[in-house]
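Below is one structure, written out as structure tokens; comments come after it.
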Amino acid sequence: MTIVSFHEQSLGWNTVIQSSRRMEQVIHGYERFELVLAQYANANVLPFDERAAVEFQRIKAMNLRVGTMDLRIAAITVASGKTLLTRNTRDFGRIVGLKLDDWTKSP
């Protein structure tokens with residue numbers, strides 16, 4: 001897991017909470033936020049560090065039509081020498097040097 005993935009999920013649930021009109025929606029948003037926190041608290045979270053920043057700049061220079069958060073996730077993955085588990089092989093597959101595995105196709 002990457003710190004960027006945590007960032008994305010946190011932003012998503014924060015948006016749910018902020019835009020909620022009913023208290024049930026607020027409660028649901030905080031319950032999901034709590035699950036995300038627990039999941040990441042027990043995981044090895046890969047950082048966006050100097051090595052990842054260098055990879056990010058390299059990948060960004062390719063001028064790919066891939067979102068910034070995905071480029072950051074890819075940069076962390078390449079910098080750490082890991083394989084990215086994703087179902088989004090269309091976008092991530094454009095990135096030279098990124099090892100991918102489509103988790104939806106695994107046995």
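We number each residue from 1, following the sequence as shown.
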Spatial distance of atom CD (Glu55) from atom CG (Asp49) [nearest 0.5 Å]: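 With rounding to 0.5 Å, CD (Glu55) is 10.5 Å from CG (Asp49).
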
How long is the straight-line distance from CG of Leu84 back to OG1 of Thr2, given to the nearest 0.5 Å?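 Here the rounded value is 8.5 Å.
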
Of all residues at least two apart in sequence or in a different chain, which pass the ring-ring contact (aromatic ring centres under 6.0 Å, His included) check with His7?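 By the ring-ring contact (aromatic ring centres under 6.0 Å, His included) rule, His7 matches no residue at all.
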
Any side-chain heavy-atom pair from Arg87 and Phe92 closer than 4.5 angstrom?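 With C-beta onward as the side chain, the pair stays apart.
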
Under a single-linkage definition using a 4.5 Å side-chain heavy-atom cutoff for Ile, Leu, Val, Met, Phe, Trp and Tyr, are Leu100 and Leu85 assigned to the same hydrophobic cluster?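 The answer is no; the residues belong to distinct hydrophobic clusters.
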
Consider only side-chain heavy atoms of I, L, V, M, F, W and Y, link residues closer than 4.5 Å, and tell whether Val54 and Val96 are in one cluster.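 In one cluster with Val54: Val96, no.
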
Ignoring hydrogens and angles, write down the donor-acceptor pairs under 3.5 Å from the side chains of residues 64-81, residues two or more places apart or on other chains.
residue: Thr77; atom: OG1; partner: Ile73; partner atom: O; Å: 2.8
residue: Ser80; atom: OG; partner: Ile76; partner atom: O; Å: 2.9
residue: Ser80; atom: OG; partner: Thr77; partner atom: O; Å: 3.2

For a quick test of your reading: what N or O donor-acceptor pairs under 3.5 Å do the side chains of residues 15-26 make, sequence neighbours left out?
residue: Thr15; atom: OG1; partner: Leu11; partner atom: O; Å: 2.9
residue: Ser19; atom: OG; partner: Thr15; partner atom: O; Å: 2.8
residue: Ser19; atom: OG; partner: Val16; partner atom: O; Å: 3.4
residue: Ser20; atom: OG; partner: Val16; partner atom: O; Å: 2.5
residue: Arg22; atom: NE; partner: Glu24; partner atom: OE1; Å: 3.4
residue: Gln25; atom: OE1; partner: Arg21; partner atom: N; Å: 2.9
residue: Gln25; atom: OE1; partner: Arg22; partner atom: N; Å: 3.0

Who passes side chain to side chain contact (heavy atoms under 4.5 Å, CB included) against Gln57, sequence neighbours left out?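 With sequence neighbours excluded, Gln57 shows a side chain to side chain contact (heavy atoms under 4.5 Å, CB included) to no residue whatsoever.
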
Mind checking salt bridge (Lys or Arg N to Asp or Glu O under 4.0 Å) for Arg94 and listing every partner two or more places apart, or none if nothing turns up?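 Salt bridge (Lys or Arg N to Asp or Glu O under 4.0 Å) list for Arg94, sorted by chain: Asp91.
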
Listing, residues 34-48 side-chain donor-acceptor contacts under 3.5 Å, not counting sequence neighbours, or none:
residue: Tyr40; atom: OH; partner: Gln9; partner atom: NE2; Å: 3.2
residue: Asn42; atom: ND2; partner: Ala38; partner atom: O; Å: 3.1

